[in-house]
Protein chains: 2
Amino acid sequence: MPDSEYREIRKLDLFAHMADDNFTSLMRGAYVQNFPAQIELITEGEPSDFLHIVVSGSVDLFSTWNGRETSMATVRPISTFILAATIKDAPYLMSARTLEKSRIALIPSQDVRAIFGADSNFARAIVTELAQCYRSIIKAQKDLKLRTSLERLANYLLRQQRHAGGGAAFELDFEKRRLASVLGMTPENLSRAFKGLQPYGVSVTGTRISIDNQADLERFAKPNPLIDDFST
Amino acid sequence: MPDSEYREIRKLDLFAHMADDNFTSLMRGAYVQNFPAQIELITEGEPSDFLHIVVSGSVDLFSTWNGRETSMATVRPISTFILAATIKDAPYLMSARTLEKSRIALIPSQDVRAIFGADSNFARAIVTELAQCYRSIIKAQKDLKLRTSLERLANYLLRQQRHAGGGAAFELDFEKRRLASVLGMTPENLSRAFKGLQPYGVSVTGTRISIDNQADLERFAKPNPLIDDFST
DNA sequence: CAAATCAATTGATATATGTCAACCGGTCGG
DNA sequence: CCGACCGGTTGACATATATCAATTGATTTG
């Protein structure tokens, strides 16, 4: 693993405060690999042998049932995924596939569990990370149960806008078909939902979104920090 | 706090393996209180001052947005709730109300955070508990995104049947209006959904459910451990 | 006991969302 | 350059789900 990557990973909240020895020991068992786009990295139901870290590229977490499929989340650099399965030594609940050419670090789960017991700073970081993940999905659940698809899209756009710096125009950061799946709707419906937001000053050209009337859109979307603010 | 309760709480996974001193110290700052039914214990958005433990009775976790409300989960004895908010020292994402006369233990959040740093067994237990909570809600999210309301009801009945011992007849453990909210539908729709399951051998009398054709119902519901098995 | 509630149900209807088929407009490879 | 392909869009339609109003049945309360 190049030194620059090593240092990047070290800087992650999860690893930043652990003892040098322990981090080195974790990394010794780890390996890094490049994957092309659309490769299924893990499959739900399999045992969780590795904690994964997206070093570059991006990864889609999705689930299937009875022939249907839904996107649960997108993981971008640099962050980990399937921490909970690793900790519990339980089967993955979601599958993961690369969205683009990606570089992934793999740390054997048993090493993570071992060092967890030996390094209290690492343990604390894991707890914080897990609590964060838990709260994120509670928010997603509220979004899904309390809002219509049009409201979900409106709030998604406002979040994305903020994430992109707050300007009136910004880019969607992924394919519309995946956005539809993340928002819990069909691609056709997403198309109509974009039209449904035109009266509130939203215009779309390809992946470029422009919010022409911020106040109107916010009045409609009614964003709420307890659903839409990912930092808390 | 009566000695019997003290010992019950001590037996919780979260506290079972921590040092005596630390447990005693946690309990010293705690207090226990009886609440009547329908009392709002916490309100979403408020700071998380206490970790709550349901000693007896039951508690509904719910959320609201824009005049709508949805049930997220039901907490039954003996278990804790809002662990994640306590750990992160962040605002509650859900409100909680008693469903019936209930006895609740309250442990100051700052004590939990302090002892977390001092007791690695406690830290480990918290991680396990959080990972469990996380995985539970991932399953709920999959249930909601991948299944129709009829399928959710069918699988709920199968889970409840198993929970009740596996016999063909069993009782719903809460009001139908709350069940509807938990399953993400309206009470009217739940009523119709029960009728919709009659062809698969489900009969309902009040809160009593009878599954007359187990194989038929399972063929329709297609239960999946990665969604319906709460133990993993 | 009778009146008043309230959860549950039912029917009629409206709205939201999904499905299917067709089409459009790029991109890519021969 | 052309044609195949693919993501996105559109329209017509089907289905799922919510809403509203009315009724039932059980429970509570004066």
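Scope of the values below: all heavy atoms of this structure, side chains included, with no hydrogens, waters or symmetry mates.
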- Item | Rounded interatomic separation in angstrom, taking CZ from R68(A) and C1' from dA16(D) | 12 Å
- Query: Rounded to whole angstrom units, what separation is found between the CG atom of N189(A) and the C1' atom of dT9(D)?
  - Reply: 13 Å
- Query: Considering only heavy atoms and no angle criterion, is a donor-acceptor pair shorter than 3.5 Å present between the side chain of R192(A) and the base of dG11(D)?
  - Reply: yes
- Query: Between R76(A) and D173(A), does at least one N-O distance fall below 4.0 Å, as a salt bridge requires?
  - Reply: yes
- Q38(A) side chain to T98(A) side chain, donor-acceptor N/O pair below 3.5 angstrom: no
- Can you check whether S149(B) has a side-chain N or O nearer than 4.0 Å to OP1 or OP2 of dT17(D)? yes
- Query: Between R97(A) and E69(A), does at least one N-O distance fall below 4.0 Å, as a salt bridge requires?
  - Reply: yes
- Query: Taking the nucleotide of DNA chain C with the closest heavy atom to each, which residue, E188(A) or E175(B), is nearer the 5' end?
  - Reply: E175(B)
Could you give the side-chain donor-acceptor pairs of residues 177-195 of chain B under 3.5 Å, partners two or more places apart or in another chain?
from: R178(B); atom 1: NH2; to: E175(B); atom 2: OE1; distance (Å): 3.1
from: S181(B); atom 1: OG; to: S71(B); atom 2: N; distance (Å): 2.8
from: T186(B); atom 1: OG1; to: N189(B); atom 2: N; distance (Å): 3.2

- Could you give the CG-to-C1' distance, from L153(B) to dT17(D), as a whole number of Å? 14 Å
- May I have the distance from K195(A) (atom NZ) to dA16(C) (atom P), rounded to whole angstrom? 18 Å
- Is the shortest side-chain N/O distance from T186(B) to OP1 or OP2 of dA18(D) below 4.0 Å? yes
- Measure the distance from CE on M185(A) to P on dT9(D) and round it to the nearest whole Å. 12 Å
- Can you tell me how far P of dA18(D) sits from CZ of R177(B), to the nearest Å? 15 Å
- Message: Heavy atoms only, 4.0 Å cut-off, all strands: where does G196(B) land among base, sugar-phosphate and nothing?
- Response: nothing
- Query: Does a nitrogen or oxygen in the side chain of T148(A) sit under 4.0 Å from OP1 or OP2 of dA16(C)?
  - Reply: no
- Task: Show the numbers, then the answer: is there a ring-ring contact (aromatic ring centres under 6.0 Å, His included) between F220(A) and Y200(A)?
- Result: CA-CA 8 Å; F220(A) 170 74; Y200(A) 304 100; 4.5 Å; yes
- Can you tell me the distance, in whole Å, between the CZ atom of R147(A) and the P atom of dA18(D)? 17 Å
- Can you check the Q38(B) CD to dT28(D) C1' distance for me, whole Å? 15 Å
